Amino acid sequence: EAIDSAIPAFGGKASHFGAFPHMDSTKVPYPKGFAIPVYYYYQFMQQNKFLERVERMLADTAFQNNPDVRDDSLASLRKHIERAPVDTAFTRMLMTKLRTEYAGTRMRFRSSTNAEDLDGFTGAGLYTSKSGDPGNTESVLEAIREVWASVWFFRAFEERSYRKIGHQTVGMALLVHQSFPDEEATGVAITANPYDLSGLEPAFYVNVQYGDESVVLPDADVTSDVFV
C-alpha cells in the first residue's frame, strides 16, 4: 500500500526501490540512491510550454491517423526537450545534493514513470536511462533531459495507446544511484512466474545477458539466459 501510494509522485521503479531500506541489507544489498519526483518533470514541461505543444499534437488529425507523422512529431518533440533550459533552483538543489553525497561518483538516472513497473504492466524497455557526471552540471542535465524526453519515444507512445493509458497523465520521475559501467552481466529479475498466470507454480524469473548488452532490446545475434 505504501508503494502504491508513492507511485503517482515517484513512479514505479523509484517507489519499489524505496522498499529496500526496510529490508535486511546484509541479505539484499543495494546501492544508495534517491528519487527526483514527477513534480520536476511537469515543472520543466510547463516552463518550456511543452504541455501545450503535446495538447496540440494529440489533437492533430494527421498525427492521430498516420504513424509516420506521429514518429516524426515525437522525434521533433524529444529533440526540443533535450535542448530546453532546466529550472535554475532545481538544478542548484540537485547539484548540491550530488556533490555533497556522491562526490566523484558517476550516477545513473533511471526512468521511473507512473505508467511502468505496475501490476499487470511492466513497461520494460519503453523508456531509457542515462549516466551523468556530478562534477559536470551539463552532463547531469543532459542525462535528465534525455530520460524526460523518453516519455515521448514512439514505442512508448504506441504501447500506451494500445493499453489505453492517457499520454498527458504520464509523468517521469527518476531513480538516481551509482552507475556501473563495467558490468559482468546485465539482467532483470521478477519476483513472479510470468509463465504461470494461475499462481499454482510460484517462482522467481531471471533474464540475464553477458556484459552490458541490453536486456529488453538486445542485438539480433544475442540470446539471453533465462532462469525460472
Side-chain angles (χ1 to χ4, degrees), residues 1-22 30-58 74 77-102 107-119 121-123 126-134 136-153 156-157 160 163 165-179:
E1 291 175 353
I3 290 173
D4 288 344
S5 67
I7 287 174
F10 299 103
K13 191 176 284 125
S15 297
H16 282 86
F17 192 90
F20 280 124
H22 302 280
Y30 63 92
K32 176 185 175 184
F34 65 96
I36 298 174
V38 170
Y39 172 88
Y40 293 103
Y41 166 79
Y42 281 121
Q43 178 191 66
F44 169 81
M45 294 290 285
Q46 187 173 41
Q47 288 178 345
N48 291 285
K49 302 188 183 306
F50 290 133
L51 295 179
E52 294 95 325
R53 177 172 174 170
V54 167
E55 190 172 349
R56 292 193 302 270
M57 189 172 64
L58 294 175
L74 291 168
L77 175 61
R78 292 196 306 274
K79 182 172 71 174
H80 283 92
I81 287 175
E82 290 170 5
R83 297 176 179 176
V86 179
D87 183 77
T88 303
F90 163 67
T91 301
R92 187 185 308 116
M93 180 170 55
L94 174 63
M95 296 309 299
T96 298
K97 181 176 182 65
L98 289 172
R99 288 168 178 165
T100 301
E101 300 181 26
Y102 300 90
M107 302 296 287
R108 190 74 168 168
F109 297 85
R110 302 178 63 191
S111 66
S112 182
T113 72
N114 54 8
E116 62 178 321
D117 297 312
L118 308 176
D119 288 342
F121 181 60
T122 66
L126 295 184
Y127 308 103
T128 195
S129 299
K130 294 292 177 180
S131 297
D133 177 8
N136 184 326
T137 300
E138 189 51 39
S139 170
V140 168
L141 295 182
E142 283 180 3
I144 290 174
R145 284 189 297 245
E146 278 197 56
V147 180
W148 280 343
S150 72
V151 170
W152 304 104
F153 276 159
F157 187 92
R160 291 197 302 264
R163 298 275 183 164
I165 297 172
H167 302 288
Q168 291 161 297
T169 67
V170 176
M172 177 68 80
L174 296 102
L175 170 60
V176 187
H177 59 63
Q178 176 185 356
S179 174

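In this text the structure is predicted, and so the values were computed from the model without any measurement.
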Please examine the side chains of [Y] and [X], heavy atoms only from C-beta on, and report whether any two atoms are closer than 4.5 Å.
| X | Y | answer |
| --- | --- | --- |
| F17 | P31 | yes |
| F90 | Q47 | no |
| M95 | L98 | yes |
| F109 | V140 | yes |
| R108 | S131 | yes |

Spatial distance of atom [atom1] ([X]) from atom [atom2] ([Y]) [nearest 0.5 Å]:
| X | Y | atom1 | atom2 | answer |
| --- | --- | --- | --- | --- |
| E116 | K13 | CD | NZ | 4.5 Å |
| L94 | D87 | CG | CG | 11.5 Å |
| L141 | E82 | CG | CD | 13.0 Å |
| H16 | D4 | NE2 | CG | 7.0 Å |
| M45 | Q168 | CE | CD | 9.5 Å |
| M172 | W152 | CE | CH2 | 10.5 Å |

Grab the two heavy atoms, one from [X] and one from [Y], that are nearest each other, plus how far apart they are.
| X | Y | result |
| --- | --- | --- |
| E138 | R145 | OE2-NH2, 2.5 Å |
| A35 | F10 | CB-CD2, 3.8 Å |
| F44 | P85 | CE1-O, 3.3 Å |
| W148 | L174 | NE1-CD1, 3.3 Å |
| A2 | S5 | O-OG, 2.8 Å |
| L77 | R53 | N-NH2, 3.5 Å |

Between [X] and [Y] (side chain of the first, backbone of the second, donor and acceptor by atom type, cut-off under 3.5 Å), is there such a pair?
| X | Y | result |
| --- | --- | --- |
| S15 | G12 | no |
| N48 | F50 | no |
| R160 | V151 | yes |
| S112 | A14 | yes |
| N114 | A173 | no |
| S139 | D133 | yes |
| K130 | V147 | no |

Next on the checklist: Any donor-acceptor pair under 3.5 Å linking the side-chain atoms of T128 with those of S150?
Outcome noted: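 Side chains of S150 and T128: no pair found under 3.5 Å.
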Say whether T137 and R92, considering side chains only, have a donor N or O and an acceptor N or O under 3.5 Å apart.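 No pair is found: no donor N or O on one side chain lies under 3.5 Å from an acceptor on the other.
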With a sphere of 6.0 Å drawn around [atom1] of [X], does it hold more than 12 non-hydrogen atoms of other residues, nucleotides or ligands?
| X | atom1 | answer |
| --- | --- | --- |
| Q46 | CD | no |
| Y39 | OH | no |
| R99 | CZ | yes |
| E55 | CD | no |

- Considering residues at least two apart in sequence or located in another chain, which fulfil the ring-ring contact (aromatic ring centres under 6.0 Å, His included) criterion with Y102?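 F34.
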Non-neighbouring partners of F157 that pass ring-ring contact (aromatic ring centres under 6.0 Å, His included), sequence neighbours left out: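 F157: ring-ring contact (aromatic ring centres under 6.0 Å, His included) contacts with F63, H167.
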